[in-house]
Amino acid sequence: YLEFKKMKQSIKLTQGQPWKCLIRFAMPVLLGMMLQQLYNTVDTIIVGNFAGEGALSAVGASMSPIILFVAVAIGMSAGNGVVVAQHYGAGNEENVKKAAGTGMILMFILGIVNTIFAFATCNIILKYWLKIPEHLLKASSSYFLWYSAGLIFSYGYNIISGILRALGDSKSTLYFLVIAAIINVFTDLLFVAVFKWGASGAAIATDISQAAAFLAALIYMRKRYPVFRFRRKDLVYVKEIARKTVSVGFPIAFQMIMVSVGFSFLQRIVNSYGQAMIASFTVAQRFETYMGMVPYSFQMTLATFTGQNIGAGLEDRVKTGTRQTLVITFIISSILSVLCYFFADELILFFGISGGAAAYCMEHLRVTCFLILISILYSPVFGLFQGTGHSIVSMIISIAVLFVRVLAAYTLNGIEIFGHRIIWWNQAFGFACGLIVTWAYYFSGKWSLNKVLK
C-alpha cells in the first residue's frame, strides 16, 4: 500500500544546486500564495466598485481578527510540514504517514474550535476591541461571521498543502488555487454585483472557493500518493508527533497571531481617522500583503529545504541555501517595489476609492515600497530557524518587531512631523529592529546546535 518511490518523484531538496532547488520549489508556492490572496483582493475590488466605500471599509475593519484565525492554520500546517519533511529527508516512510495523519486530525479539531470561538466573541472583538464605527458594525459583523463559518475548509486546505510541500510537491497547490480563484471571481460577482449581498456576499464567495481548494487538494493527495489513502484505522493521533508539530508550529502560529493582535492596535488608530483612512488602509494592506509574499514564500521554502537537509545531515548545504535565498528574494522584491511605486496611481483605481482615501493610500504605498526592502534583508532567514526546530526564535523576533511598530505608532501619532503618517512610517522602526536581532542570532551559531532527528 505504500509507494514511497512515487513520493521520491517530488523535488528532492537535498540534491543539486541549492539556488535552483529553491527557485523551482518557491515559484509555485509564491504563485499559490498570490492566488490565495486573490480571494481577499477580489473581495476588496468588487466590494469597493459595486457596494461602495462604506462596505469596503467594513471588510477591511474586520480583517485583523480573521488574520488571527488564518494564522493558526498556516502556523500549524507549517509545523506539521517541517516534521513530515524531516522524516521524508531521513527516508522514514512510516513516520511520514503517521505525521501527516496526526496533522490532519489536529487541524480538523482546531478548525471547529476556532469557528465556535469566532461566533461566541464576534461582538466583543469588533465593537469593543476594534471600536469599529457604529455605521460599519453590522456589515463588518456579517463579513466576519460568514468568513469564520468556512474556516474548516481553510484549515483543511492548509494542512494538505503543507504535507505536499514537505514532500517537495509545491506545484500541485498552485493548480488547486487556480480553480478556487476562478470560482471566487464568479461567485463574488454573482453575490455582490448581481444579488447585492454586499460584504456578506464576499465572505460567502470566499468560503465556497476555499471549500473547492480543499476538496481538490484532498482528491489529488489520495490519487497521487497511495500512502495517504487513509482508512479510518490508519488515521491515528500520535501524541509524540503532535507534540513535535505543536512545538514547531505553535511559535509560527503564535508569531502570526501576535501580528494580528498588533495590527488590531494599528487598526484602532486607523479607525479613529474615519472612513476615508479605513478604506485607504484596507487597500494599502492588500498591496503590503502581496509585497510580503516574496520573502514569505522563500521563508517557507527555506524551512522545507532546511528540514530535508538537516534530516540528511547536510548542514553546510543549509548555510549555502540561506545565503542564496536572501539574494534571490532581494532581487525579486526590489523589482516589484519599483513597479508598485511608479504604477501606484493605476493600481489604486482598481479598488474604487477616490478623494482623501486615494491620497492617503498613494502616500502609504510609496513609502512602503522602500521600507519593505528592509524586512527582505532578514525575514527569509526565519525559514532556517523554523527548519532546524528554532521557530520560537523567529516568533520572538516577529513579536519584537511588531511591539516596536505599535509603540512607535502610539508614541509618535500626536507629533506634528508624523501625525497620521505614522500609520505607515512605523514600519521603519520595526523592520530595523528585526534586521539587527535576526542577524545577531544567526551569527551566534546557536541555531545549528539542535539535533532535529533523534
Side-chain angles (χ1 to χ4, degrees), residues 13-14 18-19 21-22 26 75 78-79 81-83 85-86 89-90 243-259 262 292 294-330 333 371-408 427-454:
L13 299 175
T14 56
W19 67 271
C21 293
L22 290 162
V82 168
V83 176
Q86 290 171 357
R243 183 198 65 77
K244 192 165 186 178
T245 293
V246 173
S247 69
V248 177
F250 178 76
I252 300 172
F254 189 71
Q255 165 189 331
M256 298 182 68
I257 289 170
M258 289 297 99
V259 168
V294 175
Y296 189 67
S297 62
F298 275 93
Q299 175 186 321
M300 293 173 67
T301 298
L302 187 59
T304 302
F305 178 88
T306 301
Q308 286 194 15
N309 283 280
I310 286 293
L314 303 173
E315 187 174 300
D316 287 341
R317 182 176 170 85
V318 171
K319 295 178 181 178
T320 301
T322 301
R323 292 193 296 269
Q324 293 176 353
T325 296
L326 286 165
V327 173
I328 296 168
T329 306
F330 189 81
S333 296
L371 295 182
I372 197 76
L373 296 180
I374 302 174
S375 71
I376 305 301
L377 296 174
Y378 72 87
S379 58
V381 183
F382 289 172
L384 169 69
F385 299 154
Q386 292 160 4
T388 56
H390 288 78
S391 53
I392 193 170
V393 176
S394 58
M395 178 196 76
I396 292 171
I397 295 172
S398 294
I399 293 173
V401 168
L402 200 57
F403 175 79
V404 172
R405 288 188 60 180
V406 172
L407 182 64
Q427 298 173 94
F429 301 94
F431 293 162
C433 169
L435 182 68
I436 294 169
V437 178
T438 298
W439 284 107
Y441 188 82
Y442 177 86
F443 286 118
S444 74
K446 293 180 180 179
W447 57 269
S448 64
L449 300 179
N450 187 47
K451 304 300 182 184
V452 181
L453 290 176
K454 301 292 184 182

Q: Return the minimal non-hydrogen interatomic distance between F305 and V318, and the atom names on each side.
A: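 Of all heavy-atom pairs spanning F305 and V318, the closest is CE2-CA, 3.9 Å.
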Q: For V246, give me all partners under side chain to side chain contact (heavy atoms under 4.5 Å, CB included), at least two apart in sequence or on another chain.
A: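 Testing V246 for side chain to side chain contact (heavy atoms under 4.5 Å, CB included), a comparison that skips the adjacent residues, returns M76, L106, F250.
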Q: State, yes or no, whether a side-chain contact exists between F385 and I396 at a heavy-atom distance under 4.5 Å.
A: no
Q: Mind checking the OG1-NZ spacing from T306 to K319? Nearest 0.5 Å is all I need.
A: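 That separation rounds to 12.0 Å.
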Q: Output all residues satisfying side chain to side chain contact (heavy atoms under 4.5 Å, CB included) with F330, sequence neighbours left out; order by chain, then residue number.
A: S334, L373, I376, L377
Q: So, for I328 and F298, which heavy atoms are closest and what is the spacing to 0.1 Å?
A: CG2-CZ, 3.5 Å
Q: Is there side-chain contact between K446 and H390, with at least one heavy-atom pair below 4.5 Å?
A: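 No. Closest side-chain heavy atoms not under 4.5 Å.
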Q: Can you tell me how far apart CG (L402) and CD1 (I397) are? Round to the nearest 0.5 Å.
A: 13.5 Å
Q: Suppose we screen for side-chain hydrogen bond (donor to acceptor under 3.5 Å, both in side chains). Which residues come up paired with S398, at least two apart in sequence or across chains?
A: Q255
Q: Looking only at heavy atoms, which two atoms of C433 and V404 are closest? And how far apart?
A: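 Result for this residue pair: SG-CG2, 4.0 Å.
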Q: For S297, what residues pass the side chain to side chain contact (heavy atoms under 4.5 Å, CB included) criterion, not counting sequence neighbours?
A: V29, L30, M33
Q: Give the minimum heavy-atom separation between G430 and R405, together with the two atoms involved.
A: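 Closest pair (atom of G430, atom of R405, distance): CA-CG, 3.7 Å.
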Q: Not counting sequence neighbours, which residues clear side-chain hydrogen bond (donor to acceptor under 3.5 Å, both in side chains) with T245? List them please.
A: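 Result, side-chain hydrogen bond (donor to acceptor under 3.5 Å, both in side chains) vs T245: N80.
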Q: So, taking the atom named CE in M300 and the one named CG in L302, what distance separates them when rounded to the nearest 0.5 Å?
A: 12.0 Å
Q: Quick one: closest heavy-atom pair of V294 and S333, and the distance?
A: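 For V294 and S333, the tightest heavy-atom pair comes out as CG1-OG, 3.5 Å.
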Q: Identify the residue among T329, T301, T322 that makes a side chain to side chain contact (heavy atoms under 4.5 Å, CB included) with L22.
A: T301
Q: Around atom OH of Y441, are there more than 12 heavy atoms of other residues, nucleotides or ligands at under 6.0 Å?
A: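 Yes, because the 6.0 Å sphere around OH of Y441 holds more than 12 heavy atoms from other groups.
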Q: Does S375 reach the main-chain N or O of I372 with its side chain, forming a donor-acceptor pair under 3.5 Å?
A: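 Indeed, once roles are kept as given, a pair shorter than 3.5 Å links the two residues.
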Q: Tell me the side-chain hydrogen bond (donor to acceptor under 3.5 Å, both in side chains) pairs involving residues 427-439, sequence neighbours left out?
A: T368-Q427
Q: Would a 4.5 Å heavy-atom cut-off, applied to side chains only, mark F431 and Y378 as touching?
A: yes
Q: Taking side chain as C-beta onward, heavy atoms only, is Q308 less than 4.5 Å from C21?
A: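 Contact flag for Q308/C21 side chains = no.
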Q: Do L384 and Y442 pass the side chain to side chain contact (heavy atoms under 4.5 Å, CB included) test, and can you show the C-alpha distance, the side-chain angles, and the key distance before you say yes or no?
A: CA-CA 9 Å; L384 169 69; Y442 177 86; 3.4 Å; yes
Q: Taking all atoms of both residues into account, what is the closest heavy-atom pair of A303 and Q386, and its distance?
A: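 That closest heavy-atom pairing would be CB-OE1, 4.1 Å.
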